[in-house]
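One structure is given here, and the rest of the page talks about it.
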Amino acid sequence: MNSLVLRLIATRVAVSLLTLLIVSAIVFGATELLPGDVAQAVLGQGATPDAVTALRQAMHLDQPAWLRYVSWLHGLLTGNPGLSLVNHLPVAGLIGGRLPNSLVLAAITTAFSVPLALAIGITTAVWRGSLYDRIASTLTVSAVSVPEFLVATLAVLIFAVNLHWLPALSSRSGVHGLFGLVRVYAMPVVTLSFVVIAQMARMTRAALVNTLGSSYVEMALLKGARPWRIVLRHALPNALGPIVNAVALSLSFLLGGVIIVETIFNYPGLAKLMVDAVATRDMPLVQSCAMLFCLAYLLLVMLADLAAILSNPRLRYR
Amino acid sequence: MSVPLRATLPPRRFRISVTGAIGLALVVFWLAVTAVGPMLAPYPPGRIVGTDVLGPMTHAFPLGTDYLGRDMLSRILVGGRYTISIAFVATFLACFSACTLALAAAVKGGWVDAVLSRLLDALISIPSLLFGLVVVAALGSSIPILVLTAAVIYMPGAYRTARALAVNVNAMDFVRVAQARGEGAWYVMRAEIMPNMVLPVLTDFGLRFVFVVLLLSGLSFLGLGVQPPDADLGSLVRENLQGLVFGAPAVIMPAAAIASITIGVNLLIDNLPTRRVSRER
Amino acid sequence: MNADRPLVEVDALRVLARDDSGQERRIVDDVSFSIGAGEVVALIGESGSGKTTIALSLLGYARAGCRIAGGGIRVGATDVRALSAAGLTGLRGRQVSYIAQSAAAAFNPSQRIMPQVIESAMIHRLMPRRAAEAKARGLFRALALPNPDRIGARFPHQVSGGQLQRLLAAMALITDPELVIMDEPTTALDVTTQIEVLRAFKAVAREKGTTTLYVSHDLAVVAQIADRIVVLRDGAVQEIGHTGPLLAAPRHAYTQELLAAAAPAVRMAPPVARTGERPPLLRVAGLTAGYGGANAAGMPVLPVLRDIDFVIQPGSVLGVVGESGCGKSTLARVIAGLLPAARGSVSLDGEALPAKLQDRSREQLRRVQIVFQMADTALNPAHEVDRILARPLVFYHGLRGGALRRRIAALLEMVQLPARLGRHKPGELSGGQKQRVNLARALAAEPSLILCDEVTSALDTVVGAAILDLLAGLRRELDLSFMFISHDLSTVRAFCDEVMILYAGQRVEFGQRRALLDRPMHPYSDLLVSSIPELRTGWLDGISAAHLAEASGGIAAHAIELPCAFYNRCAVRVEGVCNLQKPPLRPLAKGAEILCHRTEQELLAAQSPQPAAVLVH
């Protein structure tokens with residue numbers, strides 16, 4: 001670690017924080033666009049004007065937008081993002097109940113997909129141009145093109161409907177033992193991993209192929225190094241930054257996929273909560289969920305950039 | 001011999017490969033469907049014509065019937081046109097505005113570049129489907145809203161690509177020559193930089209188009225996209241989901257249709273002969 | 001092994017390359033030569049001559065798209081073409097080792113240097129790691145590398161280009177291979193760096209008796225190192241001979257052409273009449289410029305040029321010479337208005353040119369045109385040649401219709417290109433043709449001054465010589481002035497009236513070409529001029545110890561901010577003066593001026609016996 005690397009890291013973190021601030025303004029602004037009066041919407045058409053006015057005051061809707069933005073931001077930071085419009089429960093509590101479920105799903109998917117994707121990416125790069133590479137490339141292109149709900153519906157059709165191996169719906173309640181756990185998570189994880197693996201394998205392959213085309217790899221070949229030594233000692237260490245970058249960026253695909261997957265499998269996670277909130281126009285809940293998703297995305301992207309900085313020997317040793 | 005080493009890369013081939021040809025065929029097929037598909041529909045897509053709901057493939061209904069007994073083939077022909085034309089307009093808006101902004105950022109540099117890049121970087125960090133959900137929650141899901149939302153969502157990504165391209169071209173000496181001649185920013189953008197970005201920008205257009213199709217289908221699948229009585233391919237999957245339990249073609253076919261559009265475009269792009277950059281000095 | 005038998009024999013070698021359309025083409029055709037044990041043989045040729053392909057085939061290696069299709073390759077007792085994949089890995093790095101042109105690219109950036117240098121010894125299990133490291137340190141010492149005991153612990157990006165190239169040599173020699181292949185090992189280096197690297201290579205090769213195949217395009221370099229020369233063209237052998245006789249009396253016409261191009265004839269215009277009534281065309285005074293914004297003192301954060309003064313007379317050619325990073329290209333950009341100067345003035349015909357492009361009038365812009373080194377990037381690949389030439393004609397002269405077409409045709413004729421090329425895009429032209437179009441575009445503006453930035457450097461010698469001829473002709477016909485930037489003294493010598501030498505952004509010497517290049521007086525000019533390899537054997541061995549010490553010094557950190565940028569390398573520096581005070585501008589009797597604390601007499605005395613060399617004119 002030297003001062004340059006520390007400065008680059010600090011800059012990168014600061015940029016992420018600034019981006020998060022802009023994102024919060026966008027999320028808040030987007031929900032401000034909601035036509036009609038929220039208080040009216042909450043109370044329904046039959047409400048008396050007095051009741052509406054009272055609720056407006058209670059919700060601080062009479063204040064200017066920037067003031068509400070600041071207090072909303074303050075609420076987010078202090079872990080108190082307000083009450084749900086629908087069931088009047090604290091948003092923090094609603095999210096707290098669902099977040100662990102989504103994290104477990106994401107963790108299992110990551111643990112499942114990263115090794116597999118790296119294996120595919122590295123082997124296709126090493127044997128590039130071979131039949132294996134061409135077939136794998138076509139399959140991964142197809143996989144990234146397929147909507148998650150198609151994968152999910154096919155999975156349900158095959159495993160639950162035709163083979164009766166797995167339940168069509170997921171629920172963590174009443175899960176007993178490892179086998180039960182596999183039965184519950186298998187389909188959501190496979191569905192999510194499908195796109196993530198394909199994406200990650202493609203990016204890994206590209207990063208490694210790029211390195212394998214460099215002069216120092218040719219030099220290693222001319223020193224008499226055998227293929228695997230070339231890959232392990234010369235190509236991979238230099239492709240590490242781009243590969244970690246690829247992994248982080250591909251995992252950000254999870255964030256989109258999880259929305260569809262939780263809905264289809266009726267999985268009680270954060271995304272399902274958010275989709276339901278959208279359907280009921282429960283804005284405080286939508287805003288908070290959206291901020292959590294953006295935070296996760298920004299963390300992943302920042303991780304990718306930090307990996308690139310830290311893996312560069314030109315920056316580490318000056 | 002100062003040619004950069006490309007020792008271990010396989011030789012370039014200029015003939016389009018088999019997979020590329022499959023992609024091209026799929027793209028041409030769907031373009032034809034968009035153009036004339038509804039005219040070929042055997043039944044009016046909204047009319048209940050079958051006695052059987054979620055029926056199997058028969059002579060009368062080649063792709064079965066839907067949950068109300070409407071002809072699936074007709075509905076897919078019309079729904080496919082919806083999906084493709086909405087996605088096309090949205091992608092066009094996204095790529096066009098992205099290119100314009102990217103050129104301005106590359107040529108003007110300085111604070112124009114900094115502000116644009118920072119703002120659009122923030123926009124890109126909102127997961128696309130989530131952004132769509134928030135906007136739809138706020139503004140509802142009319143078709144203009146859907147188109148604009150998709151355009152706004154994918155504009156930052158297109159901007160990133162286009163800006164990288166424009167900055168690369170802008171670094172070339174021929175741009176310096178034009179500036180030293182006294183040419184204005186508009187001429188430099190239009191005549192010097194843009195022509196050298198066309199091919200990669202078109203490739204990027206294809207990629208974004210796939211993303212938009214997936215996003216819109218996803219929204220429709222969640223019931224937040226195109227609203228009844230209109231239906232795009234995603235809505236067709238959703239409304240017939242109950243048929244999943246017995247594997248009705250009414251669920252499988254529209255989903256397969258989406259996949260064939262996106263796989264087709266991606267296969268084509270993946271196998272495009274990359275234009276050879278002149279490496280001789 | 002039979003003592004009479006040469007160590008390496010290449011017999012009727014044929015290599016095929018597959019082009020874009022899938023057709024196979026011969027890139028090496030029926031090439032035969034041999035290398036005796038301990039001999040240094042050079043393969044010489046221009047780009048596309050197949051010299052690298054032949055060299056690599058001795059390692060049993062052909063780059064992607066190429067394949068060795070016929071002929072025999074024998075190294076020692078090994079028939080290279082009969083080897084299996086495992087046999088080849090046994091050959092490479094052990095029996096035959098390779099030194100690549102760009103050491104910076106050939107070193108793995110993420111590994112320290114030592115493990116890379118000894119890697120082939122480890123792969124082939126020749127010795128324990130400690131022994132290999134000790135041997136490497138010995139080689140570092142023999143190759144005159146600084147800090148031989150510690151340099152191995154550094155990363156490649158932490159050492160200079162010249163040092164990396166020598167480290168690459170250590171990597172090749174660690175296994176005591178039977179044959180070492182050096183592929184243009186000094187081409188990417190500056191001339192002053194080149195001599196130290198060449199000296200180190202030669203000393204080690206001589207000491208170890210290493211059999212070497214030296215690949216190069218530069219006859220003068222090869223003359224210093226090779227016992228025999230193989231001249232190649234288009235993948236076929238033109239001539240093979242011992243170095244001395246081949247240089248003295250080339251038999252083959254192509255060898256003669258190469259020799260002629262290596263020492264270009266002087267293409268002088270008649271001396272410019274110095275009449276008092278014509279003011280200088282361009283006057284640059286006190287120019288300071290750089291990148292990265294200005295600091296509190298108004299100086300750029302990264303200064304590139306400092307206090308540059310010079311004039312260009314109407315109709316004359318100023319050569320600007322210096323090594324990479326000396327600021328010569330930046331100077332052209334500042335004059336063209338692409339980079340506003342931080343301080344100082346540029347005036348054209350006595351009228352001050354605004355620093356910023358936007359503030360200059362169209363007429364001012366028209367009169368100064370810039371021509372970039374790389375025609376590849378200077379011509380828009382999306383435009384046809386006609387369109388490229390039409391734009392300045394429309395922009396500056398408002399031409400259209402028939403007049404425009406006629407003028408384009410005239411311009412193409414002026415640069416000796418057929419009119420039909422106008423309908424082609426730059427990508428379809430050869431390197432020389434592109435550079436002509438590049439020139440024609442500048443001519444289209446009908447400028448007074450053309451700034452040429454290394455316009456012949458990217459071209460093969462013969463093609464570059466033709467461009468120089470063209471420039472000389474245009475100058476006579478059109479009464480043009482040029483600022484001609486080059487790192488290559490022989491082209492400057494051939495074309496310029498006056499010469500300015502830059503070192504680390506400072507102007508160290510300025511004067512008449514003959515006065516300066518035949519009798520360089522500033523210590524740096526002297527080093528630079530004497531570092532250019534001469535086309536005779538024995539030149540390298542005759543370089544003075546003082547020059548060698550200066551050559552291996554390397555440029556100081558932040559040299560531009562020192563009173564004298566050359567101080568740390570200078571053989572005649574005065575401690576306490578040169579490092580503290582700015583050197584004065586000193587006019588010399590020979591008709592030049594230098595920035596130096598030493599007087600002309602002191603410098604003359606210090607210059608060790610004038611090189612007896614006859615400069616080839």
Side-chain angles (χ1 to χ4, degrees), chain B residues 1-17 107-111 114 165-202 273-281, chain C residues 18 20-22 47-53 61 63-65 100-102 105 183-184 187-188 215 217 333 336-338 357-358 360-362 364-366 368-383 387-388 391-392 395-396 426-427 430-431 438 441-442 445 453 458-459:
Chain B
M1 317 217 52
S2 40
V3 181
L5 303 183
R6 304 179 55 85
T8 40
L9 293 181
R12 281 163 196 276
R13 259 172 302 151
F14 271 66
R15 293 153 292 170
I16 194 158
S17 60
V107 173
K108 291 281 178 196
W111 66 267
L165 288 167
V167 165
N168 275 348
V169 179
N170 188 50
M172 295 286 189
D173 287 339
F174 61 79
V175 177
R176 295 293 85 67
V177 171
Q179 285 169 338
R181 189 159 62 225
E183 304 281 7
W186 174 240
Y187 174 86
V188 170
M189 281 160 57
R190 178 181 56 81
E192 299 286 351
I193 300 184
M194 196 55 211
N196 291 292
M197 291 170 50
V198 171
L199 270 182
V201 161
L202 280 182
T274 8
R275 193 164 69 148
R276 196 187 166 84
V277 191
S278 170
R279 291 184 188 284
E280 55 187 302
R281 301 182 66 176
Chain C
R18 191 179 291 279
D20 292 338
S21 57
S47 56
S49 62
K51 52 191 192 299
T52 295
T53 311
Y61 178 68
R63 287 192 174 147
Q101 171 174 354
S102 167
D183 189 358
E184 303 251 18
T187 304
V215 177
H217 72 284
R333 294 167 59 90
L338 288 167
L357 206 55
Q358 299 88 306
R360 295 189 182 179
S361 70
R362 192 170 283 202
Q364 286 170 331
L365 293 169
R366 179 190 69 78
V368 180
Q369 292 289 309
I370 185 164
V371 180
F372 286 102
Q373 169 180 9
M374 295 285 189
D376 265 335
T377 60
L379 302 178
N380 193 333
H383 293 176
R387 180 171 174 192
I388 290 171
R391 183 62 195 176
F395 188 79
Y396 291 126
S430 73
N438 203 5
R441 174 174 54 189
D453 187 0
L459 302 172

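Quick note: numbers below take in every heavy atom, side chains included, and nothing from hydrogens, waters or symmetry partners. In the text below, chain A, chain B and the rest are named by the order of the sequence lines, each starting its count at 1.
Residue B:A171: no heavy atom, backbone or side chain, is found under 4.5 Å from chain C. With a 4.5 Å cut-off on non-hydrogen atoms, C:R366 does not touch chain B at all. If you measure heavy-atom distances from C:R360 to chain B, you find no contacts under 4.5 Å at all. Only the side chain of C:L338 has a heavy atom closer than 4.5 Å to any heavy atom of chain B.
The closest side-chain heavy-atom distance from B:R176 to C:I370 is not below 4.5 Å. Side-chain contact between B:R181 and C:R362 is absent, with no heavy atoms from C-beta onward closer than 4.5 Å. Side-chain atoms of C:T377 and B:F174, non-hydrogen and from C-beta on, never get closer than 4.5 Å to each other.
Not a single donor-acceptor pair under 3.5 Å links the side chain of B:D173 to the backbone N or O of C:F372.
Nearest heavy atoms, C:H383 versus B:A191: NE2-O, 2.7 Å. Between B:P195 and C:A382, the shortest heavy-atom distance links the atoms CB-CB, 3.5 Å. The heavy-atom pair separating C:L357 from B:Q179 by the smallest distance is CD2-O, 3.1 Å.
Of the listed residues (C:P392, C:S102, C:A336, C:A105), the greatest number of heavy-atom pairs within a distance under 4.5 Å of chain B belongs to C:P392. Heavy-atom pairs under 4.5 Å with chain B peak, among C:N438, C:L365, C:V371, C:I388, at C:L365.
Residues of residues 183-190 of chain B lying under 4.5 angstrom from chain C, judged on non-hydrogen atoms, are B:E183, B:Y187 by number.
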